[in-house]
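One-based numbering along the sequence shown.
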Amino acid sequence: MTPKPVARGNDADNLWGPAWHARRTADGFVLQYDTGDLAGRERRFDISAEEFARLRADPEQFDPIVRAHGG
């Protein structure tokens with residue numbers, strides 16, 4: 001039997017994309033994403049409240065935000 005995927009919804013503290021997750025922490029905001037490497041690596045870095053709001057308003061902002069952080 002194939003397991004059902006876990007449904008993840010956006011809320012005040014979490015935003016979900018196809019292969020990324022942005023979340024509010026006690027210290028600010030973090031963006032984590034799958035790099036697509038064969039080894040299955042993930043990258044995580046701090047983002048600003050403004051970047052978090054941009055992702056909430058337009059998930060297509062993911063690429064520009066990652067590029068701005070050297071990704």
In this structure, OH of Tyr33 is separated from NE2 of His21 (nearest 0.5 Å) by 15.5 Å
Does Gln61 use its side chain to pair, donor to acceptor, with the backbone of Asp58 at less than 3.5 Å?
-> no
* **Min side-chain heavy-atom separation Arg44-Glu42 under 4.5 Å** => no
Specify whether Phe62 and Trp20 have parallel, tilted or perpendicular ring planes, treating 30° as the upper limit for parallel and 60° as the lower limit for perpendicular.
parallel
Point to revise | Short side-chain to backbone donor-acceptor contact, Arg56 and Asn14, under 3.5 Å | key: no
When hydrophobic residues are tied together by side-chain contacts of less than 4.5 Å, even through go-betweens, does Val30 share a cluster with Leu15? no
* To do: Mark yes when over 12 heavy atoms from residues, nucleotides or ligands other than Glu50 sit less than 6.0 Å from its CD; otherwise mark no.
  => yes
Check: Are any side-chain N or O atoms of Asn10 and backbone N or O atoms of Trp16, one a donor and one an acceptor, separated by less than 3.5 Å?
Finding: yes
Exercise for the section: Begin with the C-alpha distance, continue with both residues' side-chain angles, and end with the deciding distance and a verdict on side-chain contact (heavy atoms from CB on, under 4.5 Å) for Glu51 and Leu31. Expected result: CA-CA 10 Å; Glu51 289 168 319; Leu31 177 60; over 6 Å; no
* In sequence, state the C-alpha distance, the side-chain angles, and the governing distance for Val66 and Arg43, and then conclude on side-chain contact (heavy atoms from CB on, under 4.5 Å). => CA-CA 10 Å; Val66 168; Arg43 181 171 181 231; 4.2 Å; yes
Next on the checklist: Applying side-chain contact (heavy atoms from CB on, under 4.5 Å) to Arg54 and Ile65, what does each step give before you reach the verdict?
Outcome noted: CA-CA 9 Å; Arg54 282 174 48 203; Ile65 290 170; 3.6 Å; yes
| query | Are Thr25 and Asp13 side-chain neighbours, meaning at least one heavy-atom pair lies under 4.5 Å? | reply | no
**Request:** Report the C-alpha separation of Phe29 and Asp46 in whole Å, then their side-chain angles, then the decisive distance to 0.1 Å, and conclude whether the side-chain contact (heavy atoms from CB on, under 4.5 Å) test is met.
**Result:** CA-CA 6 Å; Phe29 299 89; Asp46 294 334; over 6 Å; no
